[in-house]
Amino acid sequence: MVHSTLEQALGVTIEPELLDLALTHRSWAYENGGVATNERLEFLGDAILGQAVTVMLYTTYPDLSEGDLAKRRASLVSAVALAEVAISIGLGEHLKLGKGEELTGGREKSSILADTVEALIGAAYLDLGGEVATDLVLRLIAPLLADPDRFGAGMDPKTSLQELAARLGLGLPTYEIADDGPDHSKVFTATVVLADKPIATGQGSSKKQAEMGAALEAFTTLQSRR
């Protein structure tokens, strides 16, 4: 099977067409006649991920306040965390990407990897049911729970990058924004600058989305250099 190593890493076997859909990035779909993408599965998987993590934290940590539980949940469902999960299971090599994304390192882009993890969770839910999907989520995040430093601060990409940059003595990150396209369909590009050097870029349909994507790429890049 083409994706047997991925299914081995996940610990589940997903119906082939559904698995293929979960791995289909919009860049591939656009270049191949506008076929379906994994974005609906990503939407579903995000909800399942959030519920599974919320219930697990509530039952595992009965003495934590609502605020502390929320902070831990944010850490575990963040794009930063999901990108780590994706790398640990070798997800990048299984992605279906368009030529443009392929040429610009899409298989290593944290934002794409994180979104695809959610799509896989959604696919598992549709094919195998809620119990199996929940078990999959808990297996995937288990290594993250074992990290004692993970819950020291919120793990949204911009906060994570700011804290990591401070620890590395690089100062505060700044963001340069550019946009392209008509007013009703603009694409924003954000570039993260640290110590007067551009570190990473991200794109999105809003400035915030572009900045988050750029911060995630920058965070992952700096983490790999440590």
Side-chain angles (χ1 to χ4, degrees), residues 3 6-7 9-29 35-61 64-89 91-92 94-96 109-145 150-151 154-160 202 204-206 208-213 215-216:
H3 302 300
L6 175 60
E7 290 183 314
L10 292 171
V12 296
T13 300
I14 299 171
E15 191 275 322
E17 287 189 15
L18 198 55
L19 177 60
D20 194 62
L21 178 60
L23 297 169
T24 302
H25 186 254
R26 63 177 176 271
S27 62
W28 194 95
V35 298
T37 75
N38 64 4
E39 291 175 347
R40 281 174 55 84
L41 286 176
E42 176 196 336
F43 171 78
L44 177 61
D46 176 66
I48 295 157
L49 170 70
Q51 181 185 43
V53 170
T54 299
V55 173
M56 181 276 295
L57 290 172
Y58 183 87
T59 55
T60 304
Y61 302 101
L64 286 183
S65 68
E66 181 271 342
D68 286 336
L69 289 171
K71 186 180 292 185
R72 293 196 177 214
R73 179 177 59 191
S75 298
L76 294 170
V77 304
S78 70
V80 173
L82 294 182
E84 290 180 43
V85 167
I87 292 168
S88 74
I89 61 175
L91 181 56
H94 298 276
L95 300 174
K96 294 180 69 175
K109 285 186 179 178
S110 299
S111 54
I112 293 177
L113 291 171
D115 290 346
T116 308
V117 170
E118 292 182 335
L120 288 169
I121 294 167
Y125 176 86
L126 289 180
D127 188 34
L128 304 168
E131 187 174 340
V132 172
T134 295
D135 288 344
L136 172 61
V137 169
L138 298 182
R139 281 200 307 277
L140 291 176
I141 67 167
L144 306 181
L145 282 167
R150 178 162 301 276
F151 305 117
M155 286 292 287
D156 67 275
K158 292 183 73 171
T159 301
S160 300
S205 57
S206 67
K208 180 179 179 181
Q209 190 178 60
E211 288 180 354
M212 295 283 277
L216 179 56

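Side-chain contact between E118 and L41 is absent, with no heavy-atom pair separated by less than 4.5 Å. Here the side chains of L57 and T54 are not in contact, with every heavy-atom distance at 4.5 Å or above. A heavy-atom distance below 4.5 Å is found between the side chains of L10 and L140. Side-chain contact between V117 and L49 is absent, with no heavy-atom pair separated by less than 4.5 Å. Looking at heavy atoms from C-beta onward, R72 lies in side-chain contact with L64 at the 4.5 angstrom threshold. At least one side-chain heavy atom of L6 sits less than 4.5 Å from a side-chain heavy atom of L23. Looking at heavy atoms from C-beta onward, V35 lies out of side-chain contact with K96 at the 4.5 angstrom threshold. Residues K71 and R73 have side chains not in contact (no heavy-atom distance under 4.5 Å, counting atoms from C-beta outward).
The main-chain N or O of E39 is never found under 3.5 Å from a side-chain atom of R26 such that the two would form a donor-acceptor pair. No side-chain donor-acceptor contact under 3.5 Å links N38 to the backbone of L21.
Distance OG/S111 to CG/L216: 6.0 Å, rounded to 0.5 Å. Note that OG of S75 and CD1 of I141 are 11.0 Å apart. Values are rounded to the nearest 0.5 Å. Between S78 atom OG and E84 atom CD the span is 7.5 Å, to the nearest 0.5 Å. Atoms CD and CG, on E42 and D115 in that order, are 3.5 Å from each other to the nearest 0.5 Å.
Summarising the geometry of I89 relative to A9, their closest heavy-atom pair is CB-CB, 3.8 Å, with the distance given to 0.1 Å. Minimum heavy-atom separation, A36 to A29: O-CB, 4.1 Å. Contact detail for A114 and A79: the closest heavy-atom pair is CB-O, 3.6 Å. Across all non-hydrogen atoms, the minimal contact from Y61 to L145 is OH-CD2, 4.1 Å. Smallest separation of non-hydrogen atoms from A123 and A22: CB-CB, 4.1 Å.
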> Can E7 and V12 be said to form a side chain to side chain contact (heavy atoms under 4.5 Å, CB included), step by step?
Replying inline: CA-CA 6 Å; E7 290 183 314; V12 296; over 6 Å; no
>> Assess the residue pair L113 and L95 against the criterion (side chain to side chain contact (heavy atoms under 4.5 Å, CB included)); give the C-alpha distance rounded to whole Å, side-chain angles, the decisive distance to 0.1 Å, and a yes or no.
In response: CA-CA 9 Å; L113 291 171; L95 300 174; 4.0 Å; yes
>> For M56 and V137: C-alpha separation, side-chain torsions, deciding distance, then whether side chain to side chain contact (heavy atoms under 4.5 Å, CB included) applies.
In response: CA-CA 10 Å; M56 181 276 295; V137 169; over 6 Å; no
> Can you list the steps and then say if T116 with L82 is a side chain to side chain contact (heavy atoms under 4.5 Å, CB included)?
Replying inline: CA-CA 9 Å; T116 308; L82 294 182; over 6 Å; no
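For the side chain to side chain contact (heavy atoms under 4.5 Å, CB included) criterion with Y125, the lone passing option out of T134, L44, L120 is L44.
Atom CD of Q51 has 12 or fewer heavy atoms from other residues, nucleotides or ligands within 6.0 Å. For R139, the CZ atom is densely surrounded, since the number of other residues' heavy atoms within 6.0 Å is greater than 12.
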